[in-house]
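First the structure, in the form of structure tokens, and then the observations on it.
Whatever order the structure lists them in is the order used to number ligands and atoms, beginning at 1. As a basis for the values below, the full set of heavy atoms in this structure was taken, side chains included, without hydrogen atoms, waters or symmetry mates.
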Amino acid sequence: MSDFVRLTKDQDIAVITIDNPPVNALSPGVTEAIVAAVEHMEKDDRVKATVLIGAGKTFIAGADIKEFVKLTSGQRQDDIGILPQLLKIENSPKPVVVAIHGNALGGGLEVAQACHYRVAAADARVGQPEVNLGIIPGAGGTQRLPRLVGIEQAIEMCTTGKPVKTSQAAQFGLIDRAIEGDLLAGAVAFAREIAGKPIPKTRERSDKLGTPEENAAIFAAARENARKKYHNQICQLAAIDAIEAATKLPFEQGCEEERRLFDTCLYSDQSKAQIHVFFAEREVSKIPDIPKELPVIPVNSIAIVGAGTMGGGIAMVCANAGVPVLLKDTDPAALDRGIGAMRRNYDISVKRGRFTQAYVDERMKLIKTTLGYDDFVNADMVIEAVFETMPLKKQVFAELDRVCKKGAILSSNTSTLNIDEIAAMTSRPEAVIGMHFFSPANVMRLLEIVRGRRTGKEVIATCMQLSKKLGKVGVLVGNCRGFVGNRMFLPYIREAQFLVEEGAAPEAVDKALVDWGMAMGPLAVGDLGGLDVAYRIRKEYKQLETPGARQPFLEDRLVEMGRLGQKTGAGWYKYDAERRASSDPEIPPLVKKWVAESGVPQRQISAEEIVAREIYSLVNEGARILEEGYALRAGDIDTIYVNGYAFPAYRGGPLWYADTVGLKSVYDRVCEFHRQHGALWEPARMLKELATSGGTFANFQRVTAQATD
Ligand code: T1G
Ligand code: NAD
């Protein structure tokens with residue numbers, strides 16, 4: 001038998017164990033090995049049925065995505081060809097029962113659907129997440145799934161990409177039995193029960209395919225919903241087309257149509273971008289100068305200083321990960337506010353069915369509050385989230401250095417302040433690191449882990465690992481102003497103001513970016529976070545601005561007249577009680593007056609120029625960050641923007657997008673903006689070098705993230 005499968009027997013039941021670590025992906029040879037094993041058992045008369053199970057932590061997590069990269073980059077010519085193999089399993093004269101634990105995703109669930117029965121551990125998850133890679137199921141999933149769960153559920157699973165738990169899958173008819181306790185034993189017992197009975201073949205079923213009359217409205221509604229929800233994207237609509245083909249065509253023809261739609265998606269820029277994001281998100285945890293096997297510091301308790309917007313959210317993240325939290329603030333009212341905000345957030349999650357009340361009660365029990373530092377001595381790690389002023393941060397870290405035990409990690413959630421300056425307040429700068437969560441901390445997946453000049457490698461390794469435990473995407477960044485995300489965001493929101501100063505309506509700026517794919521426009525984002533936050537940062541760093549460089553003035557004016565955004569009911573837009581935005585008739589005359597006073601020439605500005613100036617401001621600053629060494633890889637910057645700034649994954653992130661456009665034309669456009677708008681648009685040296693040498697950001701690799709300059 002091949003290395004990928006092991007064959008054993010439990011009396012009259014054969015057991016095929018798939019073993020292709022780390023996630024039993026259907027790498028070349030795996031499907032063939034499974035089929036060979038099934039066919040081998042067919043010839044053994046003592047065998048009545050076969051169980052298919054995965055070794056390690058999961059069943060099959062899908063096709064081997066690396067093979068798709070080889071296909072679309074031309075490294076591989078031949079077809080991946082999973083589908084024909086699955087037909088051989090389905091046509092087996094002896095029943096094959098699949099036993100699922102961990103995940104059965106994509107091709108993994110398609111293998112399961114081609115088997116005759118499916119049993120699963122209670123905590124397993126099954127799904128068709130292909131749309132997260134910009135593709136659709138390509139091994140018969142769009143043809144078999146609707147036959148098993150019906151049209152609507154198949155559409156839901158294939159367009160959202162969200163896996164479902166065993167209990168739900170059993171309700172849909174996708175799983176025949178949920179197994180408590182020993183999965184293999186339960187699967188073998190099930191196989192013994194069904195052996196000898198007529199073998200159900202999914203492809204022959206049609207009872208859940210509905211009628212053209214019934215289905216017409218379902219498909220129309222699904223398409224309309226997909227166009228709205230997945231703006232600009234092609235794969236969700238392709239998945240709907242393929243499922244519709246299942247209701248109209250015989251199985252084999254339906255699979256051909258699925259294949260045609262699959263290839264259209266796979267060779268699209270959108271899928272290449274999303275597959276880049278998939279691997280980039282996994283690459284961020286690889287730090288060249290920090291060995292994978294470096295021992296980490298156990299973090300079994302966390303203390304948080306400051307129970308405000310961020311401190312409360314971070315406490316929820318820790319409690320959700322099962323880590324006990326000690327939360328400190330200055331007075332009981334502040335603690336009550338913090339706890340109150342957490343309860344409100346949890347209530348929303350319960351209402352949305354994400355958590356049960358019992359789960360929430362358990363989590364809240366993990367959060368203890370305090371007004372002093374007494375119990376901080378027991379904390380393995382501290383996360384500081386007090387007001388963003390250096391004097392207060394220094395005072396708090398001096399206190400932490402005094403009270404915390406040796407070996408404790410001291411981290412700050414600062415969004416702009418110098419980690420080394422904070423660390424210098426302690427006798428243990430090697431234990432100080434930045435843990436920059438994004439608001440709302442209990443929702444946003446991104447975590448910038450800021451390496452100080454003296455931060456110890458085991459402290460970094462510990463925080464990188466902890467970020468995964470906390471359900472975050474932890475990206476290691478250097479200690480420069482605004483780190484990576486916010487440093488790039490400053491020119492992005494500055495450019496938005498300049499565009500309004502030059503004649504674009506605020507709505508036009510935001511609409512251009514939303515049409516292009518951003519979840520929200522830059523001005524609306526300002527209103528969401530509070531225009532006073534960026535205002536304070538502009539004032540705090542005024543002395544660092546390039547002398548004589550143009551400075552935006554509109555948001556300063558808005559802030560100075562108390563228009564701070566959503567929190568004051570008005571900013572660039574006005575907001576109703578539910579914080580729904582609408583254009584504010586007061587804004588155009590205000591802007592007209594301020595611009596007239598400034599003398600900035602007015603002109604028509606196209607949506608194309610708006611998008612180019614916004615996105616290329618991110619690219620240019622991103623290139624500077626890479627050349628200065630504050631990020632390890634272009635993929636790290638893309639991961640930061642996709643997970644922290646709602647940059648569309650189907651565009652791959654700012655630097656992948658620039659590579660897709662072509663760095664020569666990006667550079668030429670930046671040079672044009674430099675000529676038109678001055679020093680702020682000076683092209684980054686790396687952008688110039690890569691553009692003139694035909695290089696790409698994707699191929700740029702740095703050895704270590706720089707600590708500080
Ligand atoms: N192919 C290749 N490598 C994979 C992989 C896959 N499908 N899934 C994971 N890996 C690698 C990953 O890069 C990492 O590598 C290591 O495994 C651990 O992953 C035909 C067309 C299963 C939930 O989309 O969602 O089937 O960095 O860090 O957090 O119709 O991996 O260690 O070198 O993510 O425990 C559909 C993708 C494919 C699922 C586990 N399947 N995987 O999460 O580990 S398309 C998916 C995941 C398809 C068919 C279609 C997650 C996971 P390295 P990890 P994890
Ligand atoms: P906030 O004003 O909502 O909360 C700060 C809390 O710190 C208040 O409850 C205050 O009472 C408390 N505090 C002040 N001094 C204290 C002390 N000595 N001991 C204990 N508690 C004390 O502020 P926030 O928005 O949560 O920001 C906190 C930190 O997180 C800042 O450094 C900020 O830059 C950073 N940050 C904020 C965001 C955001 O979007 N709000 C995002 C990322 C990072």
_Taking 4.0 Å as the limit for heavy-atom contacts, which would you say applies to K57 with ligand 1: side chain only, backbone only, both, or neither?_
side chain
*Does atom 17 (O) of ligand 1 have any protein heavy atom closer than 4.0 Å?*
yes
*Which of the atoms in ligand 1, numbered in the order shown and given with their element, are less than 4.0 Å from a heavy-atom of P22?*
16 (C), 17 (O)
*Applying a 4.0 Å heavy-atom criterion (strictly less than), which segment of V23 is in contact with ligand 1: side chain, backbone, both, or neither?*
side chain
*Say whether, by atom type as modelled, one donor and one acceptor occur between the side chain of R536 and the main chain of E388 under 3.5 angstrom.*
no
*asked:* So if I count the atoms of ligand 2 from 1 in the order they appear, which ones are less than 4.0 Å from some heavy atom of G306?
replied: 7 (O), 12 (C), 20 (C), 21 (N)
*Any atoms of ligand 1 less than 4.0 Å from a non-hydrogen atom of F68? List them with their elements.*
21 (C), 45 (S)
*Spell out, as yes or no, whether a donor-acceptor pair under 3.5 Å connects the side chain of N20 to the backbone of A25.*
yes
*Does atom 23 (O) of ligand 2 have a protein non-hydrogen atom under 4.0 Å from it?*
no
*Indicate yes or no: at least one non-hydrogen side-chain atom of Y630 is less than 4.5 angstrom from one of R487.*
yes
*Is there a side-chain contact between I433 and I460, using heavy atoms and a 4.5 Å cut-off?*
yes
*Would you mind running through ligand 1 and noting each atom that sits below 4.0 Å from a heavy atom of P137?*
30 (O)
*Can you list the ligand 2 atoms lying under 4.0 Å from a non-hydrogen atom of S415?*
33 (C), 34 (O), 35 (C), 36 (N), 44 (C)
*Atoms of ligand 2 less than 4.0 Å from G308 heavy atoms?*
3 (O), 4 (O), 6 (C), 9 (O), 26 (O)
*How far is atom 1 (N) of ligand 1 from its nearest protein heavy atom, and which residue and atom is that?*
I65 N, 2.9 Å
*Hey, which atoms in ligand 1 end up nearer than 4.0 Å to a heavy atom of F262?*
21 (C)
*Kindly compute the distance separating CG (L133) from SG (C235), expressed to the nearest 0.5 Å.*
9.0 Å
*If hydrogens are left out, which of E110, E67, R282 has an atom nearest to atom 14 (C) of ligand 1, that is, the closest non-hydrogen atom?*
R282
*Proximity to ligand 1 by part of A61, non-hydrogen separation under 4.0 Å*: both
*Of the protein's non-hydrogen atoms, which lies at the shortest distance from atom 37 (C) of ligand 1, and what is that distance?*
F278 CE1, 3.5 Å
_To check your reading of the model: name the closest protein heavy atom to atom 28 (O) of ligand 1, its residue, and the distance in Å._
K468 NZ, 3.2 Å
*Provide the number and element of each atom of ligand 2 under 4.0 Å from a heavy atom of V305.*
19 (N), 20 (C)
*Looking at G652 and V277, what are the two nearest heavy atoms and their distance?*
O-CG2, 3.7 Å
*asked:* Please work out, at 4.0 Å between heavy atoms, whether the side chain, the backbone, both, or neither of T58 comes within that distance of ligand 1.
replied: neither
*Check whether any N or O atom of D329, backbone or side chain, sits under 3.5 Å from an N or O atom of ligand 2, and answer yes or no.*
yes
*Taking atom 10 (N) of ligand 1 as the reference point, report whether a protein heavy atom occurs under 4.0 Å from it.*
yes
*Before giving the answer on side-chain hydrogen bond (donor to acceptor under 3.5 Å, both in side chains), spell out for N442 and N320 the whole-Å C-alpha distance, their side-chain angles and the decisive distance to 0.1 Å.*
CA-CA 9 Å; N442 57 312; N320 292 350; over 6 Å; no
*Tell me which one of L83, L266, N20, L105 gets a heavy atom nearest to atom 25 (O) of ligand 1.*
L105
_For R481 and L490: C-alpha separation, side-chain torsions, deciding distance, then whether side chain to side chain contact (heavy atoms under 4.5 Å, CB included) applies._
CA-CA 10 Å; R481 183 157 62 101; L490 274 181; 4.2 Å; yes
*Which word best sums up how the rings of Y641 and Y645 line up, parallel for under 30°, tilted for 30 to 60°, or perpendicular for over 60°?*
parallel
*Proximity to ligand 1 by part of A63, non-hydrogen separation under 4.0 Å*: both
*asked:* Run Q270 and S268 through side-chain hydrogen bond (donor to acceptor under 3.5 Å, both in side chains) and show every step you take.
replied: CA-CA 5 Å; Q270 294 190 359; S268 68; 5.4 Å; no
*Would you kindly specify which portion of N103 sits under 4.0 Å from ligand 1, judged on non-hydrogen atoms: side chain, backbone, both or neither?*
side chain
*With only distance considered, is N413 within less than 3.5 Å of ligand 2 through an N or O on each side?*
yes
_Proximity to ligand 2 by part of K393, non-hydrogen separation under 4.0 Å_ = side chain
*When only distance counts, is Y373 in polar contact with ligand 2, meaning an N/O pair under 3.5 Å?*
no
*Is it the side chain, the backbone, both or neither of F437 that has a heavy atom closer than 4.0 Å to ligand 2?*
backbone
*Does Y373 have K328 sitting over its ring (NZ/CZ under 6.0 Å from centre, angle to axis within 45°)?*
yes
*Please state whether G529 comes within less than 4.0 angstrom of ligand 2, counting heavy atoms only.*
no
*Is the shortest N/O to N/O distance between K292 and ligand 1 below 3.5 Å?*
no
*Which bit of T416 is near ligand 2, meaning a heavy atom under 4.0 Å away: side chain, backbone, both or neither?*
neither
*What part of L133, side chain from CB on, backbone N/CA/C/O, both or neither, has a heavy atom under 4.0 Å from ligand 1?*
side chain
*ligand 2 atoms in contact with T414 (distance to a heavy atom under 4.0 Å)*: 32 (O)
*Nearest protein heavy atom to atom 37 (C) of ligand 2, by residue and atom, and its distance?*
M310 CG, 3.4 Å
*Would you check, one step at a time, whether the test side-chain hydrogen bond (donor to acceptor under 3.5 Å, both in side chains) holds for E281 with T639?*
CA-CA 6 Å; E281 270 185 22; T639 299; 5.8 Å; no
*Have a look at T159 and tell me which of I240, L237, I243, I136 forms a side chain to side chain contact (heavy atoms under 4.5 Å, CB included) with it.*
I240
*Do you know which of V432, L400, V403 makes side chain to side chain contact (heavy atoms under 4.5 Å, CB included) with V382?*
L400
*Taking non-hydrogen atoms only, is K286 closer than 4.0 angstrom to ligand 1 via side chain, backbone, both or neither?*
side chain
*Run the numbers on N486 and S415 for side-chain hydrogen bond (donor to acceptor under 3.5 Å, both in side chains), then give the verdict.*
CA-CA 8 Å; N486 286 345; S415 32; 4.7 Å; no
*What atoms of ligand 2 come closer than 4.0 angstrom to any heavy atom of S439?*
39 (C), 40 (O)
*Taking the six-membered ring of F278, is the NZ or CZ of R282 close enough (under 6.0 Å from the centre) and on axis enough (within 45°)?*
yes
*Give a yes/no on ligand 2: does F387 have at least one heavy atom closer than 4.0 angstrom to it?*
yes
_Residue part near ligand 2, for H436, under 4.0 Å between non-hydrogen atoms_ = side chain
_Would G311 count as a polar contact of ligand 2, with the cut-off being nitrogen or oxygen pairs under 3.5 Å?_
no
*Which of the atoms of ligand 2 are close to K328, meaning less than 4.0 Å from one of its heavy atoms?*
19 (N), 20 (C), 21 (N)
*Numbering the atoms of ligand 2 from 1, which are under 4.0 Å from a heavy atom of T309?*
3 (O), 25 (O), 26 (O)
_Validation row: K66, V69 side chains within 4.5 angstrom (heavy atoms)_ = no
